[in-house]
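To keep things clear, I will list the structure first and then write my remarks on it.
FYI, side chains are in, hydrogens and waters are out, and symmetry mates aren't considered; it's all heavy atoms of this structure. All residue numbers refer to positions in the sequence shown, counting from 1.
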Amino acid sequence: QIQLVESGGGTVQAGDSLRLSCAASGRPVNSVTTGWFRQAPEKEREFVAAISWSGGSTDYADSVKGRFTISRDNAKNTLYLQMHSLKPEDTAIYYCAARGGIRTTMTSSSYDFWGQGTQVTVSS
């Protein structure tokens, strides 16, 4: 079992940056594969980024490549999502998730543990 708590969301202007955090407990964050997903109003949850348990592999959705960076601090047992050049279409609730598999995956159903989400709103 691993518990995940997101923080760092807020309301920003287009072009601004924001860093989301996901504090993990119950299990080391470097023993699971973790990812970020987001869900906008009336839309399905979509993959944003993931990092493998080893930290050696990352994946990004095409819509965020070059703007978002996923990382983690093993000592703090925390996952991060650094977001730059934010756009109004990035507005959503952002969730962190974890799975026991060793590889990253973009499929939300493959993740077993989820946080409660943090709202990111980008105004134009």
Side-chain angles (χ1 to χ4, degrees):
Q1 285 277 5
I2 186 169
Q3 292 76 45
L4 305 168
V5 179
E6 303 95 333
S7 61
T11 300
V12 297
Q13 299 279 339
D16 284 352
S17 299
L18 202 59
R19 189 178 78 161
L20 304 182
S21 299
C22 175
S25 60
R27 188 170 170 178
V29 72
N30 60 353
S31 70
V32 291
T33 290
T34 49
W36 289 95
F37 289 76
R38 66 187 182 186
Q39 187 166 17
E42 300 182 357
K43 290 190 176 181
E44 292 189 355
R45 189 170 298 188
E46 65 173 0
F47 170 80
V48 176
I51 184 168
S52 65
W53 70 274
S54 69
S57 176
T58 56
D59 277 321
Y60 295 93
D62 288 342
S63 59
V64 306
K65 272 180 188 174
R67 299 189 299 123
F68 291 11
T69 301
I70 188 171
S71 65
R72 68 182 188 213
D73 185 328
N74 294 336
K76 294 182 178 179
N77 215 31
T78 299
L79 179 73
Y80 300 102
L81 184 68
Q82 179 68 56
M83 305 183 292
H84 294 297
S85 303
L86 283 161
K87 306 174 182 180
E89 50 264 43
D90 294 318
T91 295
I93 299 174
Y94 283 71
Y95 299 89
C96 67
R99 64 187 294 265
I102 62 173
R103 297 179 180 176
T104 59
T105 173
M106 299 182 182
T107 306
S108 61
S109 60
S110 296
Y111 290 80
D112 304 304
F113 307 100
W114 292 83
Q116 83 290 347
T118 186
Q119 176 72 48
V120 173
T121 303
V122 184
S123 58
S124 57

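- Atoms OG and CD, from S123 and Q13 in turn, are 3.5 Å apart once rounded to the nearest 0.5 Å.
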Candidate pair Y111 and F37, rule ring-ring contact (aromatic ring centres under 6.0 Å, His included), full reasoning: CA-CA 10 Å; Y111 290 80; F37 289 76; 5.1 Å; yes

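- The only option from V64, L20, I93 that meets the side-chain contact (heavy atoms from CB on, under 4.5 Å) definition with R38 turns out to be V64.
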Go through the steps for L86 and L18 under the test side chain to side chain contact (heavy atoms under 4.5 Å, CB included), then give the verdict. CA-CA 8 Å; L86 283 161; L18 202 59; 3.8 Å; yes

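- Within the 4.5 Å cutoff, side-chain heavy atoms of E6 are placed close to those of W36.
- T91 contributes a side-chain N or O that, together with a main-chain N or O of V122, makes up a donor-acceptor pair within less than 3.5 Å.
- The CD atom of Q3 lies 4.5 Å from the OG atom of S25; values are rounded to the nearest 0.5 Å.
- Here the closest non-hydrogen pair linking Q39 and K43 is NE2-O, 3.0 Å.
- Hydrophobic clustering (side-chain heavy atoms under 4.5 Å, transitive across Ile, Leu, Val, Met, Phe, Trp, Tyr) groups Y60 together with I51.
- By the criterion of side-chain heavy atoms lying less than 4.5 angstrom apart, applied directly or through intervening Ile, Leu, Val, Met, Phe, Trp or Tyr residues, L81 is not grouped with W114; the two fall into different hydrophobic clusters.
- Salt bridge absent: D90 and K87 never bring a charged side-chain N and a carboxylate O closer than 4.0 Å.
- Of all the heavy atoms in V29 and N77, the pair that sits closest is N-OD1, 2.6 Å.
- Looking at heavy atoms from C-beta onward, F47 lies in side-chain contact with D59 at the 4.5 angstrom threshold.
- Heavy-atom contacts from other residues, nucleotides or ligands closer than 6.0 Å to CD of E44 number 12 or fewer.
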Could you walk me through whether Q116 and V5 satisfy the side chain to side chain contact (heavy atoms under 4.5 Å, CB included) test, starting with their C-alpha distance in whole Å, then the side-chain angles of each, then the deciding distance to 0.1 Å, before giving a yes or no? CA-CA 7 Å; Q116 83 290 347; V5 179; 4.1 Å; yes

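- Residues T104 and T58 are not in side-chain contact: their nearest non-hydrogen atoms beyond the backbone lie 4.5 Å or more apart.
- For the pair N30 and R72, the tightest heavy-atom approach, listed with the atom from each and the gap, is CB-NH2, 3.5 Å.
- To the nearest 0.5 Å, atom NE2 of residue H84 and atom CG of residue D16 are 11.5 Å apart.
- Criterion: ILVMFWY side-chain heavy atoms under 4.5 Å apart, direct or through other members. Under it, Y80 and Y95 are not part of a common hydrophobic cluster.
- Counting all heavy atoms, side chain and backbone alike, C96 lies closest to L4 at SG-CB, 3.6 Å.
- Under the 4.5 Å side-chain contact rule for hydrophobic residues, M83 and I70 share a cluster.
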Worked check of side-chain hydrogen bond (donor to acceptor under 3.5 Å, both in side chains) between T107 and S109: CA-CA 6 Å; T107 306; S109 60; 5.5 Å; no

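- Summarising the geometry of I2 relative to A98, their closest heavy-atom pair is CG2-CB, 4.0 Å, with the distance given to 0.1 Å.
- A 4.5 Å side-chain heavy-atom check between Q82 and S71 finds every atom pair outside the cut-off.
- Hydrophobic cluster membership differs between V48 and F113, with clusters built from Ile, Leu, Val, Met, Phe, Trp and Tyr side chains linked at under 4.5 angstrom.
- Using a 30° and 60° split on the angle between ring planes, F68 and Y94 fall in the tilted class, from 30° to 60°.
- Atom CD1 of I102 is separated from atom OG of S52 by 8.5 Å, given to the nearest 0.5 angstrom.
- The minimum heavy-atom distance linking S110 with T105 is given by the pair CB-CG2, 3.6 Å.
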